Protein chains: 2
Amino acid sequence: MAKNIRDIAKSAGVSVTTVSKVINNKPYVSPKTRARVEQIIRDEQFIPNHTARGLVKGKSKTIGMFLTTGLTHPFFSKVLVGLENALKNTGFDLLYLVQIDWNPEYSLVQHCMSRNVEGVLIFGFQKNDLNFEEIIQSDIPTIFIDLDFIGPHAGYVTSENIESIKTAVQYLYKLHHHKIAFVNGHLDSYVGKQRFEGYRRAIQELGLLYFPEYISFGDFTKESGYTAMTAFLQLKDRPTAVVCSSDMIALGVMEAAVEAGLSIPQDLSVIGFDDIEISQHTQPALTTIQQDFLTLGDQSILLLNDMINMPNSPPPALIVPTKFIIRNSCAICSQVVND
Amino acid sequence: MAKNIRDIAKSAGVSVTTVSKVINNKPYVSPKTRARVEQIIRDEQFIPNHTARGLVKGKSKTIGMFLTTGLTHPFFSKVLVGLENALKNTGFDLLYLVQIDWNPEYSLVQHCMSRNVEGVLIFGFQKNDLNFEEIIQSDIPTIFIDLDFIGPHAGYVTSENIESIKTAVQYLYKLHHHKIAFVNGHLDSYVGKQRFEGYRRAIQELGLLYFPEYISFGDFTKESGYTAMTAFLQLKDRPTAVVCSSDMIALGVMEAAVEAGLSIPQDLSVIGFDDIEISQHTQPALTTIQQDFLTLGDQSILLLNDMINMPNSPPPALIVPTKFIIRNSCAICSQVVND
DNA sequence: TTGTAGGCGTTATCAC
DNA sequence: GTGATAACGCCTACAA
C-alpha cells in the first residue's frame, strides 16, 4: 500500500538517487528522466515520507505550539486563523505539544527536541506559569504571543497595549472628562500590566489626578466589570468615564450603570478593548479598541519562519497596531468643568 | 548537544539494545543495569527521538487534525480543552495539518500518511467541503466532530441535536404555545439538518400545524436572528415563541422583538442553543440548550484512541447529551388557547 | 541477561 | 547524468 522511493525508482527504472533529485527539484537529472519519474510519482500517488526526511535532515517541517492548559484565551480561534494563513505558504504543519504537567521532569525544550520541531510558538501563558528560561536560552527559535520574553533566539508579538489605552484616555479627555476610571484584568498578566501602564501614563501626561479608587483589577470578565462599576457608584465623587481592559468588562460596567439608573453615554462614557462581535450590537454600541488577531497570528509565523531561515538575525519584538473604533458609548462630559 | 541512544549506551558501558529495553520498559534487563542506565538517562537529560522511533515503528504518537480553513467554529477553543484533557493521558501530540488548498492534487490521506499520524480528527467542515470519501475508506482511524460520516475506520461524535430541539418545542407547548417558530442556521450543515429534523418531528408529534412561514434559515449569527424575527413580525399571525439554533440567533430575535415593542417573555418566548457566556446576562436571561463541548473533545480522543488500539472494533457514533437550561426568556402563552 | 547487525525511508557524498 | 552506499536515531530479531 504505502509506497516508498525505492518502489518509484524500480517502476521508473532509475536509482533512488535520481528519484530523490526529482522530488527535491535538484539539478543533474535529464529532462526526459525527470518527466518520466514525475509521471510515475503522479500515477502511483507517491508522497515522500516526512518522518524519514525529518530523520536524515534533522528537520521536520513542523512548528511546535504550547498553549496554556485548559486554554482560556477567548480569541485563540481568531489567532489560529492568522497562523493558518501564514502556515499555508511555508509548508509547515503545526504541532500542538501537550504538556505532561504531572511529570516533574517534563521539559519544554526536550519535548521540542524529541519532536524535531523547527520553531516554537508559546501562547496564552503568564510569565510564571512555566519555567520558560530554558527555552529562551535554547537555540530553538521561539515566538511568544502576548508575553515580552526576549532571548538569543526568542522574541515576541503582541498588540499595542500602552498606546491604545492612552488613546482612549485622551479621547475621553477631549470630551472634557476628568474623572476617568480604569477597570483592568489581572495585573499579573502581561497585557494587564501594559494596559495599566498606558492608563498611568495618560493620566500623568494629561495632568489629571490619579485616584486609586478609580482603578479596579479583575479578570477580564463581565462580572468583574459589574463589580467594579458597582464600587465606583458608591464613591461620593464617581467617575464620569470608564476605560475597560476588555469588552466583556465594559458590558458589565454598562449593565451596572444602567441598573443604577444612569444612561450611557449621557451620564457615563465607556470604552472597551478587543472589539468582540457583540460590541456593535450593545445599546449603545460600544466604543472600543480593536485588536488585530489575524495579524497577530500571521506575523508570529512569519517571524518564526525568518528566525528559522536566518538563525543569526536579531530576535524580533513586534507590536501590532490596534484600531480605535468610535461608536456611541462616549459623550461630552455633562458635569461642569473648571479649566 | 543532542544526545542519542548510542551516547547513553557508551556512558553506561552497555549496548544500545539494553538502553532501548530500559527506555521501553522491556524485560530481560537486570535491575542493576536498568537502574544505572536510568540514572544516566536522567543525568544526561536524554529523550528518545520521536522521529527516529516513528520511522522504525511506522507510528508517530501523533494524532492529526483537520480544521475548516479560516476556522469559524465559535466553540473550537472549548472543544480543544477537552481534546487536551484526554490527550494528556495518551501520550499523543496533536498535529494541525494545514491543507494546501491551492494544490489540486492535495490529498488528506496522503498528508496523513506522509506524517505517519495514527489517527485523524476532522472538525468544522460541512459534508461537501472536501472529498472525505478517500479518508473514510482508508484504514486511518478517523473521527468526525459534528458530521455523521461512518466508514470501516471512521466514526463521529456530535451533540444531541434532534432530541434537544424536540425538548425545547415540547417545553413551549407545555406553556401553551402553539405558534412556535424555528430559526435555524445553514441547512447544509450537519447540525442545521439535525436540528431542523428535531423541530419537524416535535411539531408533528404534538399535532401542531406546520407553517413554512414559521421557519427561517440563516447562518447562526445575531444578524440572521434579527432578520428572521423582523420577518415573523410582518406575519398577520405571528408566532408566540421562537426556538433558535444558536444563542446568537436568539439574541438577534430578542433585539428585533424588543425594538418592535414586544416584551420578553410576556409577549414572546425565546429559546437558544449553545449556552454561550452572554446568555446568562441578557435581559431576560436566556433559556437555552447547553452543549457539552468539553465532553465532545474529550470523547473524540478517547474513541480515536480505542480505534487505534483496537483496529477491528466497530466504528463509533457517539451522541453527547445536552442540558436544557431554563432561565427567564419563556412564559405561558398570553394568547387565548382553544383546546 | 547482553550484544550484534539489519532495516525503517530519505538525503547526501562520491564514484562512475 | 546517473547510481551505489553510508548516514540519520531507533527498534528488534537473532546470536552469544
Side-chain angles (χ1 to χ4, degrees), chain A residues 1-38 40-41 44-62 91 93 110-118, chain B residues 1-38 40-41 44-62 91 109-118:
Chain A
M1 185 65 234
K3 319 193 177 316
N4 63 30
I5 200 174
R6 247 181 320 258
D7 298 328
I8 302 299
K10 204 165 296 172
S11 301
V14 297
S15 73
V16 294
T17 310
T18 304
V19 177
S20 179
K21 282 177 188 156
V22 171
I23 292 169
N24 296 288
N25 281 314
K26 296 243 170 119
Y28 303 118
V29 51
S30 76
K32 295 164 208 160
T33 313
R34 187 180 296 271
R36 182 157 41 97
V37 172
E38 278 172 344
I40 300 215
I41 287 177
E44 315 238 337
Q45 306 215 57
F46 167 75
I47 284 211
N49 181 302
H50 261 96
T51 310
R53 190 179 275 183
L55 181 58
V56 49
K57 309 238 298 190
K59 315 194 159 194
S60 57
K61 276 318 213 175
T62 304
D93 284 320
Q110 289 188 33
H111 197 165
C112 290
M113 300 214 323
S114 88
R115 286 291 192 173
N116 276 344
V117 302
E118 299 187 45
Chain B
M1 184 64 233
K3 318 194 179 316
N4 62 31
I5 199 175
R6 243 177 330 250
D7 297 328
I8 303 299
K10 203 165 297 171
S11 301
V14 298
S15 74
V16 294
T17 311
T18 304
V19 177
S20 178
K21 282 178 187 156
V22 171
I23 293 170
N24 298 287
N25 281 312
K26 295 247 170 112
Y28 303 119
V29 131
S30 76
K32 295 164 208 159
T33 314
R34 187 180 296 273
R36 184 157 38 97
V37 173
E38 278 172 345
I40 302 219
I41 285 178
E44 315 239 339
Q45 306 216 58
F46 168 74
I47 283 211
N49 181 302
H50 262 94
T51 309
R53 191 178 275 185
L55 182 58
V56 49
K57 309 240 298 190
K59 314 194 159 194
S60 57
K61 277 318 219 174
T62 303
V109 173
Q110 289 188 32
H111 197 165
C112 290
M113 301 213 324
S114 88
R115 286 290 193 175
N116 277 345
V117 302
E118 299 187 44

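What's counted below: heavy atoms across the whole structure, side chains too, no hydrogens, waters or symmetry copies. Within every chain, numbering begins at 1; the chains are lettered A, B, ... in the order of the sequence lines, protein sequences first and strands thereafter. Values in this document were obtained by computation on a predicted structure and should not be read as measured data.
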Contact check, side chains of Ser15(A) and Thr18(A), non-hydrogen atoms, under 4.5 Å: yes

Might you confirm whether atom NZ of Lys59(A) has over 12 heavy atoms from other residues, nucleotides or ligands at distances under 6.0 Å? no

Atom CG of Asn25(A) to atom C1' of dT11(C): distance rounded to whole Å? 15 Å

Ignoring hydrogens and geometry, is there a side-chain-to-backbone donor-acceptor pair from Asn49(A) to Thr51(A) under 3.5 Å? yes

Spacing between Asn116(A) atom CG and dT10(C) atom C1', to the nearest angstrom: 14 Å

Tell me the interatomic distance from Asn4(A), atom CG, to dT11(C), atom C1', rounded to whole angstroms. 14 Å

dT11(C) phosphate, OP1 or OP2, under 4.0 Å from Asn24(A) side-chain N/O: yes

Of all the choices, dC11(D), dC8(D), dA12(C), which nucleotide is nearest to the side chain of Arg6(B) once you look at every atom? dC8(D)

Grab the NZ-P distance between Lys21(A) and dT2(D) for me, whole Å please. 8 Å

In whole angstrom, what separates Ile47(A)'s CD1 from dT10(C)'s P? 11 Å

Expected list for residues 13-20 of chain A near DNA chain C, using heavy atoms below 4.0 Å, is Thr17(A), Ser20(A)

Separation of dA12(C) atom P from Ile23(A) atom CD1, nearest Å, is 12 Å

Nearest non-hydrogen partners of Val37(B) and Ala12(B), listed with the distance: CG2-CB, 4.1 Å

Is Ile47(B) close to Met113(A) at the side-chain level, that is, under 4.5 Å between some pair of heavy atoms? no

The answer to which of Leu55(B) and Lys26(B) contacts DNA chain D further toward the 5' end, by nearest nucleotide, is Leu55(B)

Taking Asn24(A) for its side chain and Lys26(A) for its backbone only, find out whether a donor-acceptor pair lies under 3.5 Å. no

Near DNA chain D, which residues from residues 27-37 of chain B have a heavy atom under 4.0 Å away? none

It should be established whether Asn49(A) places a side-chain nitrogen or oxygen under 4.0 Å from OP1 or OP2 of nucleotide dG9(C). no

4.5 Å side-chain heavy-atom contact, Ile23(B) and Val19(B): yes

Heavy-atom side-chain contact between Val29(B) and Val22(B) under 4.5 Å: yes

Tell me: CD1 of Ile5(B) to C1' of dG3(C), nearest whole Å? 13 Å

Answer whether the closest heavy-atom distance between the side chains of Thr62(B) and His50(B) falls below 4.5 Å. no

Nearest-Å distance for atom pair NE2/C1', residues His50(A) and dC8(D): 16 Å

